[in-house]
Each structure stands twice: as C-alpha cells, then as structure tokens.
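Accompanying notes for the structure given below.
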Amino acid sequence: MSEDDISVERLDLLDPSPHSSDPDAQQEAPRSTQTKVQKWLKEKEADLVRRVLDWKGHTLKDFGKLMMVDTIPIFTSHQPDFRLFRVYLFEKMLLCAKEKKYCFEELDGRGCAVWIEDSPHHETATECESMDSVLLLQGRIFGDTITDVVGFTTNETYVVEIFWRDEKRNINYFSMHFESEEEMSNWTIAMTHLKDNNTPRRTSVPEKRRTV
C-alpha cells in the first residue's frame with residue numbers, strides 16, 4: 001500500500017482496536033494513528049493549494065477543516081457518463097476537481113508547456129516525473145444545500161447518492177461509486193455529517209406591531 005492509499009475515507013484508522021492489554025498502549029495507538037492522518041491531510045491540502053489553477057473567487061479558509069480525500073468516479077444529473085474526480089471533503093463543503101496533465105515540448109526552437117491531450121505525441125506519452133499536472137475546479141456543494149444522502153448497492157456496485165438544492169431551489173443529484181461496501185459506508189456517514197452539521201438555522205421573524 002502506497003502513502004497515497006492511506007486516504008482518510010478509511011475512517012476505521014481513526015478508531016483502531018489495539019490488541020494490547022496495556023491501557024497506556026491502547027490510548028497511544030489511536031493518538032499515533034490520528035497524528036499520521038492529520039499529517040497526511042495537511043500534505044494533501046498543501047498539494048491542493050499548489051495545484052489548483054483557478055480558485056474562481058473561493059477562499060480555502062472558508063471551507064473549514066479538510067476531512068477526507070479520494071479519487072472517485074461520479075455520475076451527475078447533467079452528465080450522461082461517469083467522470084473521475086479528485087474529491088476533497090471539508091467541514092463545510094465538498095469540492096470536486098479534475099486533474100489535467102501537461103508536458104514540456106520544444107516548439108519553434110523553444111520549450112513550452114502543452115496539455116497532454118493537445119500534444120501530437122499524447123498517445124505515446126507516459127506518466128513520469130518530468131510531467132506535472134494541475135487541478136481544475138469542476139464543482140462544489142455546500143453542506144447547507146444538501147437535502148438527502150443515500151447509500152445503496154446495485155449490480156455489485158456501491159453507490160452514494162447526494163441530493164442538493166441549487167440557487168433556483170431546484171433539486172439536483174450526483175452519485176459517487178465505490179468498489180467496496182466499506183468505502184460506501186464511510187462516505188455515506190461523512191456526507192450525512194456534512195449535511196447535518198451545516199443545516200441552515202431558521203431565524204425568527206419579529207411579529208409586526210399592530211397600529212391603531
């Protein structure tokens with residue numbers, strides 16, 4: 001398992017069950033694991049900041065704490081095909097980004113960066129250290145717009161459906177697809193927390209005074 005596979009969608013890492021009978025050892029194991037997870041998340045957040053090409057007016061500090069990161073196939077109500085997104089779950093919102101790779105080529109006697117798919121050699125291009133990539137923001141869902149979260153299994157596929165309300169009060173949905181029930185369960189719990197912890201507060205409207 002590579003370092004990148006230690007993604008926090010494995011929520012069980014935060015609450016391990018040590019086999020040691022030593023009470024001090026049982027307390028130390030969760031703390032040690034949580035420290036590693038928090039360090040990993042900080043690295044992923046720094047990588048996100050470095051690679052996003054355009055934040056489109058958003059400010060990272062408004063998102064809250066980064067909670068989970070994963071690469072997930074997603075189907076939306078506006079897109080007929082599955083698309084692979086880099087998904088970042090924050091305390092206040094879900095952020096989806098598309099990775100776009102570029103390489104350096106010599107054109108007209110000078111080196112310049114070109115997108116891999118725009119390169120005439122893209123079919124023979126392979127991933128290597130000389131290539132880099134950026135993240136293009138594709139969508140974000142704020143927790144207070146989520147109306148429902150449903151996890152279910154169909155045709156040996158594990159799905160989490162998220163329903164949300166747009167600015168016109170229309171209900172939209174998208175679905176995240178996973179290879180295991182554990183991943184589905186973890187993301188269902190996490191997205192439910194995002195919805196419940198960001199529910200808009202109802203403000204009471206003062207009653208108008210009657211005039212005589």
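Everything numeric here is computed off the predicted structure, so don't read it as measured data.
Heavy atoms only, all atoms of each residue included: Asn172 and Asn170 are closest at ND2-O, 3.3 Å. Nearest heavy-atom pair, Gly151 versus Thr188, reported as atom, atom and distance to 0.1 Å: CA-OG1, 3.7 Å. Contact between Trp164 and Tyr173 at its shortest, heavy atoms only, is NE1-N, 4.0 Å. Closest approach of Pro73 and Leu84 over heavy atoms only: N-CD1, 3.6 Å. Considering all non-hydrogen atoms of both residues, Ile74 and Cys96 come closest at CD1-SG, 4.0 Å. Residues Ser175 and Glu161 share a closest heavy-atom pair of CB-CG, 3.8 Å.
If you check the side chains of Glu182 and Ser185, you find no donor sitting under 3.5 Å from an acceptor. A donor and an acceptor atom, one from each side chain of Arg165 and Thr147, are nowhere located under 3.5 Å apart.
Rounded to the nearest 0.5 Å, atoms NZ (Lys61) and NZ (Lys92) are 10.5 Å apart. Rounded to the nearest 0.5 Å, atoms CD1 (Ile162) and OG1 (Thr76) are 12.0 Å apart. With values rounded to the nearest 0.5 angstrom, Leu94 atom CG is found 12.5 Å from Met67 atom CE. Residue Thr59 holds its OG1 atom at 5.0 Å from CG of Asp62, rounded to the nearest 0.5 Å. The OG1 atom of Thr157 sits 9.5 Å away from atom CZ of Phe152, with the distance rounded to the nearest 0.5 Å.
Without hydrogens or angle criteria, Asp166 side chain to Lys168 main chain gives a donor-acceptor distance under 3.5 Å.
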For this session: Go through the steps to decide whether Ser180 and Glu183 satisfy the test side chain to side chain donor-acceptor pair (under 3.5 Å), and finish with yes or no.
Result: CA-CA 5 Å; Ser180 72; Glu183 290 177 304; 3.3 Å; yes
Exercise. Can you list the steps and then say if Leu135 with Leu48 is a side-chain contact (heavy atoms from CB on, under 4.5 Å)?
Worked result: CA-CA 8 Å; Leu135 292 172; Leu48 173 67; 3.9 Å; yes
Exercise. Are Asp148 and Ile171 close enough, and set up right, to give a side-chain contact (heavy atoms from CB on, under 4.5 Å), and what steps lead you there?
Worked result: CA-CA 10 Å; Asp148 199 9; Ile171 298 297; over 6 Å; no
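Considering only heavy atoms from C-beta on, Val134 stays 4.5 Å or farther from Val52 through its side chain. Using a 4.5 Å heavy-atom cutoff, the side chains of Leu194 and Leu89 are in contact. Counting only heavy atoms from C-beta outward, the side chains of Leu137 and Asp54 never approach each other to under 4.5 Å. Put simply, the side chain of Met176 reaches to within 4.5 Å of the side chain of Met191, judged on heavy atoms. With contacts defined as side-chain heavy-atom distances shorter than 4.5 Å, the pair Ile146/Phe163 does not qualify. Taking 4.5 Å as the limit, some side-chain heavy atom of Arg86 sits within range of a side-chain heavy atom of Val69.
Ring geometry, His177 versus Phe82: the interplanar angle exceeds 60°, so the pair is classed perpendicular (tilted spans 30 to 60°).
By the neighbour-count criterion of 12 heavy atoms within 6.0 Å, atom CD of Glu99 is densely surrounded, having more than that number from other residues, nucleotides or ligands. Counting heavy-atom neighbours within 6.0 Å of Lys36 NZ, excluding the residue itself, gives a total of 12 or less. Other residues, nucleotides and ligands place more than 12 heavy atoms under 6.0 Å from the CD atom of Gln138.
Residues Asp47 and Lys44 are not paired through a salt bridge, judged by the lack of any N-O separation under 4.0 Å between the basic side chain and the carboxylate.
Phe75 is not connected to Ile141 by any chain of hydrophobic side-chain contacts under 4.5 Å among Ile, Leu, Val, Met, Phe, Trp and Tyr, and they are in different clusters. By the rule that hydrophobic residues join a cluster once side-chain heavy atoms approach within less than 4.5 Å of another member, Phe85 and Val159 end up as members of separate clusters.
Tested against Met68 for a side-chain contact (heavy atoms from CB on, under 4.5 Å), the candidates Phe90, Tyr88, Trp187 yield a single pass: Trp187.
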